[in-house]
Amino acid sequence: MINKDNSNIHIESINTEELFFKESDLTSDSINTIVNDSLHNADDGELFIEYCESESFVFDDRKLKNASFDVSKGFGLRAIANEATGYAHSSDIDKASLKRASDTVSFITKNNKGNYNSSFNRTNKKLYSDLNPVNSVDFENKVKTLEEIDKYARSINPLVKQVSSSLSGEWQVVRIYRPDGLLVEDIRPLVRLNISVVLEKNGRLETGSRGVGGRVDYQKFLEEDYWKKQVDGALKQAEINLQSIDSPAGEMDVVLGSGFPGILLHEAIGHGLEGDFNRKKTSAFSNLIGEKIAHDSVTVVDDGTIDSRRGSLSIDDEGTPTSCTTLIENGILKGYMQDRHNSNLMGVSPTGNGRRESYAHAPMPRMTNTYMMSGDKEPEEIISSVKNGIYAVDFSGGQVDITSGKFVFSCTEAYKIVDGKIEQPVKGATLIGNGPDVLNRVSMVGNDSAMDTGIGTCGKGGQSVPVGVGQPTMLVNDLTVGGTAR
């Protein structure tokens, strides 16, 4: 049982037994018996049980367009033998379903002789409150806040053509059973507020957006001063984009801003440092541990232990405590992000990065909060060093090929830099490059490392999980920029 040391609410105060086993014929003893029988020939495995409440509200064109609420629960049973994995799941948490799952996964391990199940650590840390955001605020207050967001945006800028806002919340309770009666448990809140505005001027339409989120309840997000700040930010970005000119194209110096531009780091570099790609030698970073792969000022970590962050977890979805894992230190590749399966096959320790979208999915190595740490340069010094380039502040996302490291990212807010000064905003800028190559093109790293505002979602293998990204201001020399200027 995990105890919380930063809240007045404790896991013990919530009857999780009732959430999972109300009207079920399962007991702790019967579960342990089936888990032990299922995994006695396995190298590893676990029973993952999940209960989840989720809701979302979408307010658009001055009206509530969508409101949804869902309750789901189920289990996933996994058994591992060497490189093979057996996985079975069901939305019925009862003895018959669990026994059928056991028969299925046992087939994968029937001739296996190895076992490393005993290598398992517990934790007493708790990084977020148990409070359920879904039922902590009534329906009317949530919808009223979205309505007020719409009214406020329209009242302060006559150019507003459209306002869209959404609010979502989730409360996930997980139990992880392992052989020999080992049980760990976690309660995970998650909320997110997104605001998008469209401005029209002289027939030209431009968009601005802001989003915030984290493993907290709704309280801060419904405070007027807080959501007004987000609206102001969305309007400012749209106003900037109304003034933008077509982006230049070609190879040029690019300054990446602090915070959310870390999404480029996440996609172009982070995925290539996940254990499964490196075990299979399909990553551009395979077999490079101990090698210099970046500028001396580049240090990158994946940290799942930051209080209340969107990508944080007290334990991962295999029950392993999360950690702060150093991936790159002073330009040297130090390690990869690992789940239990890949770490065992690679002969290293798990790092608490085994994650899954839900009980219907097997875990795999995934990022939590991945960011570059601060360097020693002032952001102004970095910008002033650029004679002709681009300052990229915000992105809408991109694509990356894990094997080659090649990526393409679209900027939603960017500016020209001329003779060391930030000038006109530009539109249509895309950054094109190769992750390993870009690491070697970094020449200056700022002292202003910051995390994103809590909106990241990462996709891999058909699964989506919440993540965090971050970085300081940094200069990448001679990066290819795709633009629309003729």
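Side-chain atoms are counted along with the backbone in the values below, which use heavy atoms only and exclude waters and symmetry mates.
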Go through the side-chain N and O atoms of [X] and [Y] and say whether any donor and acceptor fall under 3.5 Å apart.
X    : Y    : answer
T457 : R310 : yes
N353 : D316 : no
R210 : Q230 : no
D302 : Y336 : no
S102 : S38  : yes
D246 : T484 : yes
N477 : D253 : yes

Side-chain donor or acceptor of [X] paired with backbone N/O of [Y] under 3.5 Å:
X    : Y    : answer
K125 : L127 : no
S385 : I382 : yes
S209 : S196 : no
S343 : D339 : yes
D317 : R356 : yes
Y359 : S72  : no
N241 : Q237 : yes
S168 : S56  : no
W171 : Y51  : no
T322 : L313 : yes

Checklist entry - After noting the C-alpha distance and the side-chain angles of S404 and D401, does the key distance pass the side chain to side chain donor-acceptor pair (under 3.5 Å) rule? => result CA-CA 6 Å; S404 67; D401 181 277; 3.0 Å; yes

Next on the checklist: Taking side-chain contact (heavy atoms from CB on, under 4.5 Å) as the definition, give me every residue that meets it alongside D303, ordered by chain and number, with sequence neighbours left out.
Outcome noted: T305, I306, C324, Y371

Item to check | NZ/NE/NH1/NH2 to OD/OE distance under 4.0 Å, R340 and E318 | outcome: no

Next on the checklist: Please determine whether a side-chain nitrogen of the Lys or Arg among E185 and K126 lies less than 4.0 Å from a carboxylate oxygen of the Asp or Glu.
Outcome noted: no

Next on the checklist: Using salt bridge (charged side-chain N to carboxylate O under 4.0 Å, His left out), reason through R309 and D452 one step at a time and then give a plain yes or no.
Outcome noted: CA-CA 10 Å; R309 291 296 311 179; D452 73 298; 3.1 Å; yes

Item to check | Minimum heavy-atom distance between A238 and G208, given as atom pair plus value | outcome: CB-N, 3.5 Å

Item to check | Heavy-atom pair of closest approach, residues F395 and F260 | outcome: O-CE2, 3.4 Å

Next on the checklist: ring pair (Phe, Tyr, Trp, His ring centres under 6.0 Å), that's the test. Do H89 and H361 meet it? Break it down for me.
Outcome noted: CA-CA 8 Å; H89 64 88; H361 304 84; 7.5 Å; no

Next on the checklist: Holding to salt bridge (charged side-chain N to carboxylate O under 4.0 Å, His left out), I want the full list of residues that pass it with K421, two or more places apart in sequence or in another chain.
Outcome noted: none

Checklist entry - Has R78 got its NZ or CZ under 6.0 Å from the middle of the six-membered ring of F48, at an angle within 45 degrees of the ring axis? => result no

Under 3.5 Å, which donor-acceptor pairs link side chains of residues 279-290 to any protein atom two or more places apart or in another chain?
unit_1: R279; atom_1: NE; unit_2: N342; atom_2: OD1; d: 2.5
unit_1: R279; atom_1: NH2; unit_2: N342; atom_2: OD1; d: 3.3
unit_1: K281; atom_1: NZ; unit_2: N287; atom_2: OD1; d: 3.2
unit_1: T282; atom_1: OG1; unit_2: F277; atom_2: O; d: 3.2
unit_1: S283; atom_1: OG; unit_2: G272; atom_2: O; d: 2.6
unit_1: S283; atom_1: OG; unit_2: F285; atom_2: N; d: 2.9
unit_1: S286; atom_1: OG; unit_2: S283; atom_2: N; d: 3.4
unit_1: S286; atom_1: OG; unit_2: S283; atom_2: O; d: 3.0

Checklist entry - Is there a salt bridge (charged side-chain N to carboxylate O under 4.0 Å, His left out) between R178 and D44 once you walk through the steps? => result CA-CA 9 Å; R178 300 185 57 81; D44 199 17; 2.5 Å; yes

Next on the checklist: For K460, run the salt bridge (charged side-chain N to carboxylate O under 4.0 Å, His left out) check against E274, E267, E357 and tell me which one passes.
Outcome noted: E274

Checklist entry - Does the pair N194 and R192 meet the rule for a side chain to side chain donor-acceptor pair (under 3.5 Å), with working shown? => result CA-CA 7 Å; N194 282 86; R192 178 170 168 169; 2.5 Å; yes

